[in-house]
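To keep things clear, I will list the structure first and then write my remarks on it.
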Amino acid sequence: MIRSLRAYGAFFVLAARQELFHRGALIGRFAFYGVILLVFSRIWLVVSASGQLPEGEATDLLWYLVVTEWIVLSIPMTHMEIEQEVKTGNVAYALTRPVSFVWIKTWEGLGHLWLRMAVLAGAGLFFGLLLTGAWPSRPMGLLLVVPVGLLAGTVSLLFHNCIGVGSFWLTDASPLYWIWQKMNFILGGLILPLSLYPEWLQQVAHLTPFASLLYGPGQVALKADLTLAAHVTIKLLGWGLVAAFLLEALYRRGCAKLNVNGG
Amino acid sequence: MRQGIEVQRLRKVFRTRQLAKQSTWWKSLGRYLKPEYEELVALHEISFAVKPGERIAFIGPNGAGKSTTIKVLAGILHPTSGEVRVSGLTPWLERRKLGYRIGTVFGQRSQLWYHLPAGDTFRLLARVYDLDHKAFRDRLDELVKLFDIKGLLNQPVRQLSLGQRMRCEIVASLLHRPEILFLDEPTIGLDVTAKAVIRDLIHSQSEREGTTVFLTSHDTGDMERVCRRVIVINHGQLLVDRPLATLRSQFINKKILTFMTAEEQLDLNLPGLTRIKTEPHCSVWQVDTRVLPVDQVVSQVLQKAKLRDLTVEDPPMEDLVQEIYLTPASHFAEAAK
């Protein structure tokens, strides 16, 4: 166990190094984050000016988006890497190692994820303050959301890898990812908090992991409530366990099913 | 104690989905909703054994079943039926344990991190195989010297030539001192010099450490320079399992010579030499090296014509397989004596 953890740790470090090495990609992500926040800050300002939102709520809505986009933009596309390795047959190398292919991919993904989250957290603060000119109504929430956001990103990564393992059957896992992504945006409340949704849709969303992955951390950032943070953390840990078991089960079945491509 | 490879009645069947051919749209829809599968038998109950320290060439033309076999032996593919023991383990059931005992090199794939120097991948693999720092440093120093890759360690892998990268790939596979080294087309795409270097390195490494080598290739040169025993496979069935010397006397004794000359025609009349093709200023010959050495043919050509270019090649693997097909089994028994 410790032996495996040391090995996975090495993949984590190497992935983080590779992330730093690709400065262009980090800068691109930074710029995209800024553009998204700029567009929505203008929309919320217009809505607020029309009197449809109470004063101060537009600022909080933008800080909510800062948090949800921070998580979404930090998650690496490991499902595509898994799919690519299956398509090209490179998975052959990984399968002959004494460590698990999917957990290698997970730890590699964590190396990318946590480094991106560190960089984009700074970017989020910068853009948030620049575009709203104010802190959220309870600024301590921004500190509280850091561990919750890291956990949400980690759980999302596990689900992404489950989608990637789908390529063991389908070869192309993109359709599964599109469905996941769109559901995450809608039922996770990427742009708008779920509390603004119709009641029935809120109930549906709370039955899925999506509400915990984006809306939960967004609420923690705005409400700065320790009890809420603990509640969201417990839900995330639960979904994390589900995702981890699902990943391992899918991988085991996938290995028996896999036909490595190429001669 | 080191153990080799034992394969008993290994069978592998792939199921592939059949596509509708020249069909109406509703038939295509029906086929889509209720797909039909076709079975492709990649391996027909093959059996063989490899002793520890042996160097085996597993050869055959494209699609013969070489890579499927190596993938089953390495634990990547699950067989349809049959028994396999590699270093005393069942590969697909004990893959993690097996990982410590085998090394793999796939000529058409890479295990090195593309954007990072090879040295980084080596350090990562040291963690994967749980090598302590000193053991890893000593082993790496040894392999770096043997494979002459000191200057390559700090270069990003994407900047390496194919030959340089392949040397690094083999080093990566040997770091944990595997008992068995599986090499799947390790020289594919390499130039003549790089091929010779890789073959010599694999051979000398196996001699030095007693590593069992299981090499698949469709290049007869690989088996001649590296291995002592040859298994020929075609259409998923074993054709021949013999020492290299036996096969060499019967089959691996021909070379294809291509001469480009200033003269339009080239006429040679030597025993063991057969003309294959003639074009103006170019002629292709097959020489039986048991009867006539290649250098004698070349010196004869130099006397008769102004030589502009010369190529020496092995006959295609398909020709070798065809020849083996046509040879009665009794011949091999005689040759073995």
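Within every chain, numbering begins at 1; the chains are lettered A, B, ... in the order of the sequence lines, protein sequences first and strands thereafter.
Heavy atoms of Glu169(B) lying under 4.5 Å from chain A belong exclusively to its side chain. Only the side chain of Trp113(B) comes within contact range of chain A, with at least one heavy atom under 4.5 Å from a heavy atom of that chain. Ser110(B) touches chain A through its backbone: at least one of N, CA, C or O sits under 4.5 Å from a heavy atom, while the side chain does not. Looking at Glu85(A), neither its backbone nor its side chain comes within 4.5 Å of chain B, counting heavy atoms on both sides.
Annotation: the span from Leu162(B) atom CG to Arg167(B) atom CZ amounts to 11.0 Å, rounded to 0.5 Å.
Note: Gln111(B) leads Gln111(B), Arg127(B), His176(B) in heavy-atom pairs under 4.5 Å with chain A. Heavy-atom pairs under 4.5 Å with chain B were tallied for Val13(A), Ile104(A), Val99(A), Leu14(A); the largest tally goes to Leu14(A). With respect to chain A, the highest number of heavy-atom pairs below 4.5 Å among Val105(B), Ile70(B), Leu98(B) belongs to Val105(B). The residue among Ala7(A), Pro98(A), Cys255(A) with the most heavy atom pairs within less than 4.5 Å of chain B is Pro98(A).
Under the side-chain contact (heavy atoms from CB on, under 4.5 Å) test applied with Val50(B), the options Ile180(B), Val86(B), Val213(B), Thr212(B) reduce to a single match, Thr212(B).
Ring pair Tyr177(A)/His79(A) is parallel by interplanar angle, where below 30° counts as parallel and above 60° as perpendicular. Between Trp92(B) and His78(B), the ring planes lie tilted relative to each other; the angle falls in the 30° to 60° range. Below 30°, between 30° and 60°, or above 60°: for Phe127(A) and Phe30(A) the angle between ring planes is between 30° and 60°, a tilted geometry.
Residues Trp114(A) and Phe12(A) place their aromatic rings such that the two centres sit under 6.0 Å apart.
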